[in-house]
*Asks:* 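Have a look at this one before I ask anything.
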Amino acid sequence: FIAADFQRRGVDTAHVAWQPRGEVPCACCLVNAASGSRTIVLHDTNLPDVTARDFERVDLSQYKWIHFEVSPRLGGFLDRGIPGAGENPSGCRSNPTWLGVPGAAPAPAPLPQVFISKDLARHFGYRSAPEALKGLRGRIQPGEATLICAWAEKGADAMGPDGKLVHSDAFPPETLVDTLGAGDTFNAAVIFALAEGRTLQDALTFGCRIAGRKCGIQGFDGIV
C-alpha cells in the first residue's frame, strides 16, 4: 500500500532501504473537526531503523538537497561527513539540512541549515521561536548554520550566519480543517524555496504560506 502510494505520487523509491523483516508501524490520526487539531496514536513495531550503512551505499552527490531527521544512530555517520555531499554531476552542491526534534542526535558540523522543531525548543525551555534561535545558536555551529524555527500560529523565525533574525507571520486559512503534517509541509516548502535560490526571508514566508494552505484542506492533495 505504501509503495503503491509513493509510485502514484511520483516519489522515487529506488534508494529506499527495504527491510527483510519487521512489521510496518501504524499511526491512527484523530482530527478534531471543530478546531483542526490532531492527536496521533502510534503503534511502533519491530521494524529496524535506517542505518549509517544504508546511506553509505548511496551516491548522495546526485541529489541537490539532502534533508535528515536524525536519530542517535545516525549521529556518528554525519559527524564523519556525508559521503558524496559535494559537487553533483549537474554542478549543484548537495545541501544537507537537519531537523531537530526531541531525542534526535546533536546537529553535526557543518550543516548549512538546521530546522529546530517547536517541540525541541520547548523541551529546552524556550517559549518562542526567536528565544530558541538565540539560545540554541551557540550550540549549533555559531557563525556557520542558518537556524529555522516554526511556531504554529505565531509564524516562523530564522537566523542566518550573521545572527540577524528574520520573521514571517502565519497565514491561517479561513477555516481550519486539518493541521496534520503542517510542520513537514513548512519544512519542504522552505527547502524548495532555498533550493531555487530565494532569500531566507522569501523562503520563510513561502513556507508559512504553503503550511497555512495545507491547514485549510484535508490531507495534502491540492496544496499547490
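Computed from heavy atoms alone, side chains included, the values below leave out hydrogens, waters and symmetry copies.
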*Asks:* Side-chain contact, heavy-atom cut-off 4.5 Å: Phe206 with Glu196?
*Replies:*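 Phe206 vs Glu196: side chains apart.
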*Asks:* Could you check whether any side-chain heavy atom of Cys208 comes within less than 4.5 Å of a side-chain heavy atom of Asp169, counting everything from C-beta outward?
*Replies:*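 No, too far: nothing below the 4.5 Å cut-off.
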*Asks:* Quick check: do Arg21 and Pro48 have side-chain heavy atoms less than 4.5 Å from each other?
*Replies:*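 Of all side-chain heavy-atom pairs linking Pro48 with Arg21, at least one is under 4.5 Å.
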*Asks:* Checking Lys214 side chain against Asp184 main chain: does a donor-acceptor pair fall under 3.5 Å?
*Replies:*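 Flag not set: sc Lys214 to bb Asp184 has no pair under 3.5 Å.
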*Asks:* Validate the cation-pi geometry between Arg213 and Phe171: distance from NZ or CZ to the six-membered ring centre under 6.0 Å, angle to the ring axis within 45°.
*Replies:*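 No cation-pi geometry.
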*Asks:* If you measure from the Lys or Arg side-chain nitrogens to the Asp or Glu carboxylate oxygens, is any gap between Asp119 and Arg122 under 4.0 Å?
*Replies:*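 Answer for the salt bridge query: no.
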*Asks:* Under 4.5 Å between side-chain heavy atoms, hopping through other hydrophobics if needed: is there a path connecting Leu147 to Phe124?
*Replies:*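 Yes.
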*Asks:* Is a side-chain donor or acceptor of Asp178 paired with a backbone partner of Gly216 at a separation under 3.5 angstrom?
*Replies:*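 Side chain of Asp178 to backbone of Gly216, a donor-acceptor pair under 3.5 Å: no, none is there.
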*Asks:* Using a 4.5 Å cut-off on heavy atoms from C-beta on, say whether the side chain of Ile148 contacts that of Val190.
*Replies:*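 Yes, side chains in contact.
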*Asks:* Scan side-chain atoms only and decide if Thr205 and Asp202 contain a donor-acceptor pair under the 3.5 Å cut-off.
*Replies:*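 Looking only at side-chain atoms, Asp202 and Thr205 do not form any donor-acceptor pair under 3.5 Å.
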*Asks:* Show your reasoning for whether side chain to side chain contact (heavy atoms under 4.5 Å, CB included) applies to Tyr126 and Leu133.
*Replies:* CA-CA 9 Å; Tyr126 299 113; Leu133 296 176; over 6 Å; no
*Asks:* Return the minimal non-hydrogen interatomic distance between Leu204 and Ala158, and the atom names on each side.
*Replies:*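 In terms of heavy atoms, the two residues are closest at CD2-N, 3.9 Å.
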*Asks:* Can you tell me if CD on Gln19 sees more than 12 non-hydrogen neighbours from other groups inside 6.0 Å?
*Replies:*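 Yes - once you tally the heavy atoms of other residues, nucleotides and ligands closer than 6.0 Å, there are more than 12.
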*Asks:* Look at the side-chain heavy atoms of Ile, Leu, Val, Met, Phe, Trp and Tyr, link any pair under 4.5 Å apart, and say whether Leu176 and Phe220 land in one connected group.
*Replies:*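 Cluster IDs for Leu176 and Phe220 differ.
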*Asks:* Taking Lys154 for the side chain and Ser128 for the main chain, is one N or O donor matched with an acceptor at less than 3.5 Å?
*Replies:*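 No: the side chain of Lys154 does not pair with the backbone of Ser128.
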*Asks:* Looking at Phe6, I want to see if its CZ is surrounded by more than 12 non-hydrogen atoms of other residues, nucleotides or ligands under 6.0 Å.
*Replies:*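 Not buried by this count: 12 neighbours or fewer within 6.0 Å.
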*Asks:* Quick one: are Tyr63 and Ile66 in side-chain contact, heavy atoms under 4.5 Å?
*Replies:*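 When only atoms from C-beta onward are counted, Ile66 and Tyr63 do touch, with a gap below 4.5 Å.
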*Asks:* Is there side-chain contact between Met159 and Lys164, with heavy atoms separated by less than 4.5 Å?
*Replies:*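 The answer is no, as the side chains (C-beta and beyond) never meet within the 4.5 Å cut-off.
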*Asks:* Between His167 (side chain only) and Ala156 (backbone N and O only), is there a donor and an acceptor less than 3.5 Å apart?
*Replies:*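 Yes, His167 side chain to Ala156 backbone: donor-acceptor pair under 3.5 Å.
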*Asks:* Indicate yes or no: does Asp157 engage Lys134 in a salt bridge with an N to O separation below 4.0 Å.
*Replies:*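 No salt bridge links Asp157 with Lys134.
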*Asks:* For Gln113, which of Asn187, Thr146, Leu200 qualifies under side-chain contact (heavy atoms from CB on, under 4.5 Å)?
*Replies:*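 So, applying the side-chain contact (heavy atoms from CB on, under 4.5 Å) to Gln113 and each of Asn187, Thr146, Leu200, only Thr146 qualifies.
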*Asks:* Thr45 side chain to Glu23 main-chain N or O, any donor-acceptor pair under 3.5 Å?
*Replies:*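 Yes, Thr45 side chain to Glu23 backbone: donor-acceptor pair under 3.5 Å.
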*Asks:* Looking only at non-hydrogen atoms, find the nearest pair between Pro161 and Arg137 and report the distance.
*Replies:*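 That closest heavy-atom pairing would be O-NH2, 2.9 Å.
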*Asks:* Where do Cys215 and Ala182 come nearest, in terms of heavy atoms and distance?
*Replies:*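 Nearest pair, atom of Cys215 first, then Ala182: SG-CB, 3.7 Å.
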*Asks:* Look up atom CD1 in Ile191 and atom NZ in Lys64, then write down how far apart they are to the nearest 0.5 Å.
*Replies:*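 Answer for the CD1-NZ pair, Ile191 versus Lys64, is 12.5 Å.
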*Asks:* Considering all heavy atoms of both residues, which atom of Ala189 and which atom of Gly207 are nearest to each other, and what is their separation?
*Replies:*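 Heavy-atom minimum between the residues: CB-CA, 3.7 Å.
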*Asks:* To the closest 0.5 Å, what do you measure between CZ (Arg127) and CH2 (Trp151)?
*Replies:*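 Between Arg127 CZ and Trp151 CH2, I get 10.0 Å after rounding to 0.5 Å.
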*Asks:* In Å, rounded to the nearest 0.5 Å, how long is the span from OG of Ser117 to CZ of Phe186?
*Replies:*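 These two atoms lie 12.0 Å from each other.
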*Asks:* How many angstroms lie between atom NE2 of His123 and atom CD1 of Ile116, to the nearest 0.5 angstrom?
*Replies:*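 CD1 of Ile116 is found 13.0 Å from NE2 of His123.
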*Asks:* In this structure, would Val16 and Trp65 fall into the same cluster of hydrophobic residues linked by side-chain contacts under 4.5 Å?
*Replies:*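 Val16 and Trp65: separate clusters.
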*Asks:* Can you confirm whether Arg38 sits close enough to Asn32 that some side-chain heavy atom of one is under 4.5 Å from a side-chain heavy atom of the other?
*Replies:*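 In short, these two side chains do not touch, never coming nearer than 4.5 Å.
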*Asks:* Would you say that Phe192 contacts Arg198 through its side chain, given a criterion of any heavy-atom pair below 4.5 Å between the two side chains?
*Replies:*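 They are in contact (side-chain heavy atoms under 4.5 Å apart), so the answer is yes.
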*Asks:* Is it the case that over 12 heavy atoms from other parts of the model lie below 6.0 angstrom from the CD1 atom of Ile2?
*Replies:*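 No.
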*Asks:* Transitively linked via ILVMFWY side-chain contacts under 4.5 Å: Leu47 with Val50?
*Replies:*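 Hydrophobic grouping puts Leu47 apart from Val50.
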*Asks:* If you measure from CG on Leu194 to OG1 on Thr199, what distance do you get to the nearest 0.5 Å?
*Replies:*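 Here the rounded value is 8.5 Å.
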*Asks:* On a heavy-atom basis, which atom in Ser37 and which in Thr179 lie closest, and how many Å separate them?
*Replies:*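 Smallest interatomic distance, heavy atoms only, reads CA-OG1, 3.8 Å.
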*Asks:* If hydrophobic clusters are built by linking Ile, Leu, Val, Met, Phe, Trp and Tyr wherever their side-chain heavy atoms come under 4.5 Å apart, do Val11 and Phe1 end up in the same one?
*Replies:*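 The answer is yes; both residues are in one hydrophobic cluster.
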*Asks:* CZ of Arg57 to OG1 of Thr51: how many Å apart, nearest 0.5 Å?
*Replies:*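 Answer rounded to 0.5 Å: 6.5 Å.
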